[in-house]
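Let me begin by presenting the structure, written as structure tokens, before commenting on it.
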Amino acid sequence: MVAATGPGWTLLADALTFVVAIVLGLAIRIEGTFSARTGVGRSLREGWTEFRSHRWLAPMIVQFAAVNALAVGAYELVLGPVVAADAAAWGLIMACDATGMVLGGMLLLTWTPSRRWAVGGGALTAAPLVAMTFGAPVFGVCLAAALAGVGVEVFGVGLMTLLQRHVRHDRLSRVSAYQSLAGFGLTPAGTALAGPLAAWSGNRGALAIAAALLVAVCAGNVGGRWHDSGDEREGADLDGGKRAPGGRRA
């Protein structure tokens, strides 16, 4: 679309999708009640206490931050388009990435991934970086991008499902705030460091380093400790998976 109509019209079309999202969001039914207002400091302490009570949460958030900083901040915003060097090719790669996300979402309608499947999904985000590192043709990078799209959907939905299952509902927003701060807050850092890294090691070298870091973080998370010290809330997947409504077990 960028190649056909220019970046301005593409950004306008993208903005219109947010309008559609707002309309759909208005139809969401809100459950529960609002609690009494508390101070910011108290809310932060409560969120941090809840965050620390779940041993599996910190490694997941570290991986979430790595995916955003490296696969989004460094690759999608800087290194990817520079190496692709063609608006049409890069647009096709990103379209395949989005297609993978849609396919991943459809898969998750009937399948609830275990924690380790979610971690593995996050590792797939390194696939297009590896493909570009080795100079794969556009078709090959597109396939890798589609695989990454499926992976990021499995990881993202898996993480959100874990939060909903195991974190106290009255503290979920506080814990989510720490998750967002660590994850999205480091995306600009990945973007800022991509340029100096490419200047030092070359564009493909920077891609290789980013991919290696992503895989290393994911591998460390797979081998981490998964269970909290106390009993999980009812419905927890302590044995590594849970049957989704109408679906199959992870």
Side-chain angles (χ1 to χ4, degrees), residues 1 10-40 42-44 46-51 53-54 56-57 60-61 63-65 67-68 71-72 76 94-95 97-115 117-119 121-122 124-125 146 148-187 232-237 241-250:
M1 189 172 179
T10 303
L11 288 173
L12 177 60
D14 185 36
L16 291 176
T17 64
F18 285 87
V19 176
V20 175
I22 291 172
V23 174
L24 295 175
L26 292 174
I28 297 176
R29 182 180 178 182
I30 300 177
E31 299 180 353
T33 58
F34 290 101
S35 60
R37 182 182 296 274
T38 59
V40 175
R42 180 179 175 183
S43 296
L44 290 173
E46 289 178 349
W48 183 245
T49 299
E50 182 70 17
F51 185 97
S53 70
H54 300 284
W56 54 268
L57 188 51
M60 291 295 288
I61 300 307
Q63 183 176 353
F64 181 67
V67 168
N68 278 281
V72 178
E76 290 188 3
M94 287 290 93
D97 182 84
T99 301
M101 292 183 186
V102 173
L103 293 175
M106 294 175 64
L107 172 66
L108 292 165
L109 291 175
T110 59
W111 174 55
T112 300
S114 68
R115 296 170 184 173
W117 274 108
V119 171
L124 291 178
T125 58
V150 174
V152 77
E153 197 72 7
V154 171
F155 174 68
V157 173
L159 174 57
M160 294 302 107
T161 302
L162 288 169
L163 289 172
Q164 291 286 342
R165 282 182 178 172
H166 302 309
V167 175
R168 285 177 48 179
H169 287 178
D170 61 330
R171 296 186 178 179
L172 182 59
S173 62
R174 296 170 174 82
V175 173
S176 296
Y178 283 105
Q179 171 229 324
S180 298
L181 176 63
F184 299 120
L186 289 178
T187 302
E232 295 279 13
R233 295 173 55 233
E234 183 179 356
D237 56 340
K242 178 179 179 180
R243 185 178 299 275
R248 62 181 183 276
R249 191 182 179 86

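The model shown is predicted, which means the values in this text are computed figures rather than measured ones.
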Going from OG on Ser176 to CZ on Phe51, what distance comes out if it is rounded to the nearest 0.5 angstrom? 10.5 Å
Glu153: which residues meet the side chain to side chain contact (heavy atoms under 4.5 Å, CB included) condition with it, sequence neighbours left out? Met101, Leu108, Val157
Sequence neighbours left out, what passes side chain to side chain contact (heavy atoms under 4.5 Å, CB included) with Leu44? Give chain and number order. Val40, Tyr178
Results of side chain to side chain donor-acceptor pair (under 3.5 Å) for Gln63 - residues two or more places apart only: Asn221
Are Val154 and Trp111 packed together at the side-chain level, in the sense that at least one heavy-atom pair is separated by less than 4.5 angstrom? yes
So which atom in Gly100 and which in Val150 form the shortest heavy-atom distance, rounded to 0.1 Å? O-CG2, 3.2 Å
Applying side chain to side chain contact (heavy atoms under 4.5 Å, CB included), name anything that partners Ala118, two or more places apart in sequence or on another chain. Met60
For the student: nearest non-hydrogen atoms of Gly158 and Pro113, plus distance: CA-CG, 4.3 Å
How far does CG of Leu159 sit from CZ of Phe64, to the nearest 0.5 angstrom? 6.5 Å
Checking Ile22, Leu16, Leu24 against Val20 for side-chain contact (heavy atoms from CB on, under 4.5 Å), the one that qualifies is Leu24
Quick check for you: to the nearest 0.5 Å, what is the distance between Leu57 atom CG and Gln179 atom CD? 8.0 Å
Got a sec, which residues hit side chain to side chain donor-acceptor pair (under 3.5 Å) with Glu50, two or more places apart in sequence or on another chain? His54
Examine distances only and state if a side-chain atom of Thr125 and a backbone atom of Gly122 form a donor-acceptor pair shorter than 3.5 Å. yes
Roughly how far, to the nearest 0.5 Å, is CG of Leu163 from NE2 of His169? 10.0 Å
Heavy-atom count around Met106 CE within 6.0 Å, excluding the residue itself: above 12? no
